[in-house]
Chemist: 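Okay, handing you the structure first.
Per chain, numbering begins at 1; letters A, B, ... match sequence-line order. Below, all heavy atoms of this structure are taken into account, side chains as well, without hydrogens, waters or symmetry copies.
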Amino acid sequence: MDLENDKIKSAFQAPDAYFNALEARILQQLNMSQPEVAEEGISAPPVLLPIDTPAKGIDTEGVQKRARKQDPITSRSNAVNKELQNIGTFEIPALTFTTNENPEWVNLMAIPELSNDKNVADIQKITFEQITEAPNKVEEVGSKPAPIQAGLFEPAPILDPSDIVPETTENPIPVLSVSDETIEEYFSNEETEIVVDSGFPAKNEPVIVVHHVPELTHPEAAVVPVPTIEQNPDIEAAYAAYLQEELNDPVDAAKSPIIPDPKPNSILAEETPETEEPPMAFAPIAGRQHESSTPGWLGIAASFAAIVAAYFIWNAIQPPQVEQSNKVALQQTEQSQIVKTSVSVGPVESLPMSLLLLESIIRDELPIKTEKARVFSIVDAQKLPEEKLKAMGELEDSNLSIFDMEDELFEDLDLETL
Amino acid sequence: MIIQTSIVNEKNDASRLTLLSEDELANELLTNKPSRILFAEIVRRYQKQVYYHVRNLLVSHDDADDATQNTLIKIWQHAEQFKGESKLRTWIYRIATNESINLLRKRKPSIDFNEAQPEMADMIASDVYLSGDDISLKLQRAICYLPFKQKLVFFLRYFEDLSYEEIADLTSTSESALRASYHHAVKKLEIYLGVLG
């Protein structure tokens with residue numbers, strides 16, 4: 001490739017909007033605000049970015065879609081038909097509330113659409129009118145749900161709460177009163193699937209369908225079998241008392257959708273605390289341990305040796321004392337300049353030669369740092385004595401300071417040697 | 001009434017400055033006291049050249065932004081030090097180059113300007129404000145393998161179209177040495193571009 005003949009442009013291309021903003025920023029930094037300059041007649045470009053530049057609003061549509069998908073309430077909701085010809089015809093799609101639990105933990109067999117198990121009878125269908133007119137009126141349908149087809153639920157009479165209880169339980173569950181509190185309760189229950197429709201004339205029949213997932217009917221089934229806890233009679237007795245208190249508490253019973261066990265007390269009473277060890281559920285730990293034959297003084301000696309080794313390693317990795325003192329002295333000098341106090345910078349005898357030579361520069365010639373930003377001062381290097389220049393170079397070589405070389409740079413670069 | 005008259009005069013000055021050539025603008029800077037209107041005209045006229053010059057040297061847009069801002073502020077603060085011994089553009093390029101060198105030293109105190117900085121080549125693709133031209137990107141990456149001095153001469157000559165006389169004035173170097181440096185840089189880049197494909 002012939003670079004001389006084939007002219008290639010630079011790869012860096014900044015938009016004009018950036019330069020407009022840069023100009024405005026610089027003028028503003030020098031207390032030349034853009035309106036002031038414009039008032040003076042400068043044809044300054046506008047501060048605001050043009051419309052066709054990247055100053056567009058952030059497109060959050062994708063984010064909103066993702067958030068909507070992750071929302072368990074709106075994830076399966078259908079959009080409302082907003083067509084003009086459909087105005088006046090209310091078609092409110094069914095809202096389906098699902099759980100975001102691990103699918104392995106959800107009792108899928110309790111959902112009739114999935115299992116077609118007719119023994120699962122926990123579906124209620126309540127019209128909107130019944131909710132508004134007779135909120136406490138709950139009709140009974142039967143223990144078996146009507147066959148549900150995908151996407152369309154047939155209107156059916158309201159279930160009697162007594163029939164919601166599975167056949168295995170004897171005690172009825174608390175009556176499900178259709179009120180705001182109850183709806184909120186079921187909404188808050190992640191194990192419940194609810195489909196709500198309004199009573200307005202719609203293409204699909206307005207219903208409220210409550211899928212109630214049967215919970216564990218026996219409290220002991222919820223207890224994870226931990227052998228060490230079950231073997232402890234005190235813990236087991238305390239836990240039994242706790243279960244008893246929970247079952248007797250009407251407030252907790254009303255809040256929790258868990259169907260109480262018909263015979264929790266009897267089951268608990270039948271369980272007698274086991275005092276004997278389980279038949280070798282675990283190998284005895286003591287049997288596998290062996291007594292150490294190492295004498296105790298050997299451990300003490302090893303600890304002492306480790307401490308000594310750590311001491312030597314710590315000393316080895318420490319920076320030299322001279323550089324440390326130099327840095328501390330330099331920091332103290334800078335701080336004294338900022339605060340404008342007359343505090344002396346430590347013992348002068350301990351400072352290196354380079355700092356002693358620079359002391360006059362730092363104290364007298366360099367500008368004192370103030371709160372006002374960007375105060376520049378230039379020290380003419382040609383007027384400085386040679387020993388001060390040498391000291392500055394020494395500081396710069398040891399990375400203790402950086403001095404801007406304004407005009408003498410390219411003499412040092414020595415392009416002649418190329 | 002007096003204020004309105006002064007505003008009208010300043011408007012006339014601003015419109016007059018926009019029509020001045022570079023030499024006339026430098027003469028304006030020499031003869032009159034640096035004014036805000038004059039500085040605004042300098043910023044408007046030279047900010048792109050300064051930015052692209054320091055961007056070529058620093059590669060990073062953020063660093064180039066800082067260096068451009070510092071350069072333009074120094075121009076305003078040291079405008080009285082411009083003596084007219086060189087062109088105004090050369091003087092501005094010199095301040096920008098020094099600012100870039102200072103920034104490189106602050107970023108990497110142990111930097112050796114006689115050695116190439118190949119790590120800069122990796123920064124190009126991930127930075128902003130790049131053209132989509134592949135050959136331009138390859139050339140920019142190849143330039144990162146040049147020593148700083150050859151890189152500087154190549155940028156000023158190839159991209160900024162400065163004459164050898166101006167570059168010599170800027171770098172305080174003889175024209176013959178600059179020609180040799182530029183020749184070496186071009187040959188190296190042609191080899192690099194051949195290797196990079």
Chemist: Measure the shortest side-chain to side-chain distance between A/L22 and B/Q47 over non-hydrogen atoms and say whether it is less than 4.5 angstrom.
Modeler: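 They are in side-chain contact.
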Chemist: With B/N32, which residues qualify under side chain to side chain donor-acceptor pair (under 3.5 Å), at least two apart?
Modeler: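 Scan of B/N32 (side chain to side chain donor-acceptor pair (under 3.5 Å), adjacent residues dropped) gives B/E28.
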Chemist: For the backbone of A/A14 and the side chain of B/K48, can you confirm whether one donor and one acceptor N or O come within less than 3.5 Å of each other?
Modeler: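 Judged by distance alone, no pair lies under 3.5 Å.
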Chemist: On a heavy-atom basis, which atom in B/Q140 and which in A/A11 lie closest, and how many Å separate them?
Modeler: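 Scanning both residues, the minimum pair turns out to be OE1-N, 3.2 Å.
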Chemist: Relative to B/F159, does A/K7 satisfy both conditions: NZ or CZ under 6.0 angstrom from the six-membered ring centre, and within 45 degrees of the ring's axis?
Modeler: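 Cation-pi check for A/K7 and B/F159: fails.
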Chemist: Identify the residues of residues 50-59 of chain B whose heavy atoms come closer than 4.5 Å to a heavy atom of chain A, ordered by number, or report 'none'.
Modeler: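 B/Y51, B/Y52, B/R55, B/N56, B/V59, listed by number.
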Chemist: In this structure, are over 12 heavy atoms from other groups packed under 6.0 Å from B/E165 atom CD?
Modeler: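 No, CD of B/E165 has 12 or fewer neighbouring heavy atoms, counting only those of other groups under 6.0 Å.
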Chemist: In terms of heavy-atom contacts, does CD of A/E386 have more than 12 from other residues, nucleotides or ligands at under 6.0 Å?
Modeler: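 It does not: A/E386 CD has 12 such atoms or fewer within range.
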Chemist: For A/K390, does the NZ atom have more than 12 heavy-atom neighbours from other residues, nucleotides or ligands under 6.0 Å away?
Modeler: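 No, the 6.0 Å shell around NZ holds no more than 12 heavy atoms from other groups.
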Chemist: Tell me, side chain or backbone of B/L137 under 4.5 Å from chain A's heavy atoms, or both, or neither?
Modeler: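 For B/L137, the contact with chain A is made by backbone and side chain together.
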Chemist: Kindly indicate whether the side chain of A/F12, heavy atoms from C-beta on, has any atom under 4.5 Å from the side chain of B/D127.
Modeler: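 The answer is no; the side chains never approach within 4.5 Å.
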Chemist: Hey, does the side chain of B/S131 reach the backbone of A/Q13 with a donor-acceptor pair shorter than 3.5 angstrom?
Modeler: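 Pair absent, no side-chain N/O of B/S131 close to backbone of A/Q13.
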Chemist: Enter the distance from B/I143:CD1 to A/S10:OG here, rounded to the nearest 0.5 Å.
Modeler: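 Interatomic distance, B/I143 CD1 to A/S10 OG, rounded to 0.5 Å: 7.5 Å.
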Chemist: For B/Y158, which atoms come within 4.5 Å of any heavy atom of chain A: side chain, backbone, both, or neither?
Modeler: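 Both parts, backbone and side chain.
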Chemist: Should B/W76 and A/I26 count as side-chain neighbours, where that means a heavy-atom distance under 4.5 Å?
Modeler: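 Heavy-atom side-chain distance check fails, nothing below 4.5 Å.
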Chemist: Under the side-chain contact (heavy atoms from CB on, under 4.5 Å) criterion, do A/R25 and B/L72 qualify, and how do the steps go?
Modeler: CA-CA 11 Å; A/R25 198 171 66 218; B/L72 294 174; over 6 Å; no
Chemist: Please walk me through it: do A/K9 and B/D133 pass side-chain contact (heavy atoms from CB on, under 4.5 Å)?
Modeler: CA-CA 9 Å; A/K9 291 183 179 179; B/D133 194 0; 6.0 Å; no
Chemist: Side chain, backbone, both or neither: which part of B/V43 has an atom under 4.5 Å from a heavy atom of chain A?
Modeler: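 Just the side chain, heavy atoms under 4.5 Å.
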Chemist: Rounded to the nearest 0.5 Å, how far apart are CZ of B/R44 and CZ of A/F19?
Modeler: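 Reported value, rounded in 0.5 Å steps: 13.5 Å.
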